[in-house]
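Here is the structure we will look at.
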Amino acid sequence: KPLALDVNFSYRWFDVEGRQNFGFGFLPRIRFSDRISLFGNLAISNNRQEPGYVSRYLIPEQTGGWNDQDVLIGTRDRWIVDNSVSGRYIFNNKMGFTLRVRHYWDRVTYSAFGKLGEDGVPDLLDFDGRDPSGHPVFDQNFNIFNLDLQYNWRFAPGSDLIFVWKNQIFSNGRKLDSGYFRNFSELFDHPQTNSISVRVLYFLDYLDVERRIRREV
């Protein structure tokens, strides 16, 4: 079919009060011709009251209620948006290339903290997760943007030459007040990294090699 669409929704709840996960997926696929195809993937999830490990070493000064042997656990809400578009062009039955653009956004906000008890349940602490100046220490605004260009050439049966160019932007901060599109535009103010890799996979038929060795012997 020239057009296909997958849509999915998920919901999960837990025994812990208030903890639940919502998920939504939207995956369109368009085939313009036998050579050109376009694939989209939008995945959105909201994890509420999720437990997560936090490092006590991020706090400049130790706050009362725990010691150096305690493990700190935080209760957090997460919004995750994973958005990607891939285009594929096939030259012939031996070579083609794929261009993929992906943005991953994970916004994490903590609401409570505790030290892990022997029964696996955190004991709540009188601690709000803020530094002496009042700023949240553990809340995160995490972004990754990738642009990947991959060229494949099957030069022999089971053997491939793969060329990959990758562009990446990474951002991890505490600015949580911006929406998705403003957050995405500000991502390009950060440094970019580029890498090029070439990989060769060659299929070696062991039985054929063994027969040749026996003939030579």
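Computed from a predicted structure; not experimentally measured.
- With a 4.5 Å cut-off on side-chain heavy atoms, Y104 and I80 count as touching.
- Side-chain contact between N83 and Y180 is present, with heavy atoms from C-beta onward closer than 4.5 Å.
- The distance between the ring centers of W13 and Y11 falls below 6.0 angstrom.
- K166 has a carboxylate O that lies under 4.0 Å from a charged side-chain N of D148, or vice versa, which qualifies the two as a salt bridge.
- A donor-acceptor pair is defined here as one N or O able to donate and one able to accept, closer than 3.5 Å; no such pair exists between the side chain of N47 and the backbone of N21.
- Using cut-offs of 30° and 60° for the angle between ring planes, the F138 and F127 rings count as perpendicular.
- Just one of V7, D6, L5 meets the side-chain contact (heavy atoms from CB on, under 4.5 Å) condition when paired with L27; it is D6.
- Here D160 pairs with R154 in a salt bridge; the nearest charged N to carboxylate O distance falls below 4.0 Å.
- Y202 OH: 12 or fewer foreign heavy atoms inside a 6.0 Å radius.
- Between the side chains of N141 and N183, at least one donor N or O sits under 3.5 Å from an acceptor N or O.
- Between N172 and N143, the side chains place no donor N or O within less than 3.5 Å of an acceptor N or O (distance only, hydrogens not considered).
- For the residue pair Q140 / D106, no side-chain donor-acceptor distance below 3.5 Å is found, with atom types taken as modelled.
- The number of heavy-atom neighbours closer than 6.0 Å to CZ of F188, taken from other residues, nucleotides and ligands shown, is above 12.
- Using a 4.5 Å heavy-atom cutoff, the side chains of V85 and R100 are not in contact.
- Within the 4.5 Å cutoff, the side chain of F24 has no heavy atoms near those of the N46 side chain.
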Let me have the donor-acceptor pairs involving side chains of residues 31-42, under 3.5 Å, with sequence neighbours excluded, atom names and distances please.
| residue | atom | partner | partner atom | Å |
| --- | --- | --- | --- | --- |
| R31 | NH1 | D34 | OD1 | 3.2 |
| S33 | OG | R35 | N | 3.2 |
| S33 | OG | I36 | N | 3.3 |
| R35 | NH1 | I90 | O | 3.2 |
| R35 | NH1 | F91 | O | 2.2 |

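- At least one side-chain heavy atom of V200 sits less than 4.5 Å from a side-chain heavy atom of F155.
- Between L3 and K1, the closest side-chain pair of non-hydrogen atoms is not below 4.5 Å.
- When ring centroids are compared, F142 and W105 stay outside the 6.0 Å threshold.
- With no hydrogens or angles considered, no side-chain donor-acceptor pair links N194 and Q192 at under 3.5 Å.
- Here the side chain of S159 pairs a donor or acceptor atom with the backbone of F203 at under 3.5 angstrom.
- By the criterion of side-chain heavy atoms lying less than 4.5 angstrom apart, applied directly or through intervening Ile, Leu, Val, Met, Phe, Trp or Tyr residues, F184 is not grouped with I144; the two fall into different hydrophobic clusters.
- Residue-environment remark: CZ (R78) exceeds the threshold of 12 foreign heavy atoms within 6.0 Å.
- Partner of N167 under the side-chain contact (heavy atoms from CB on, under 4.5 Å) criterion, chosen from L147, N146, V101: L147.
- A single hydrophobic cluster is seen to contain both M95 and W165, as judged by linkage of ILVMFWY side chains at heavy-atom distances under 4.5 Å, directly or through other members.
- Annotation: side chain of V198 is not in contact with side chain of I162 (no heavy-atom distance under 4.5 Å).
- Here the side chains of L72 and F113 are not in contact, with every heavy-atom distance at 4.5 Å or above.
- Aromatic ring centres of F170 and F145: separated by at least 6.0 Å.
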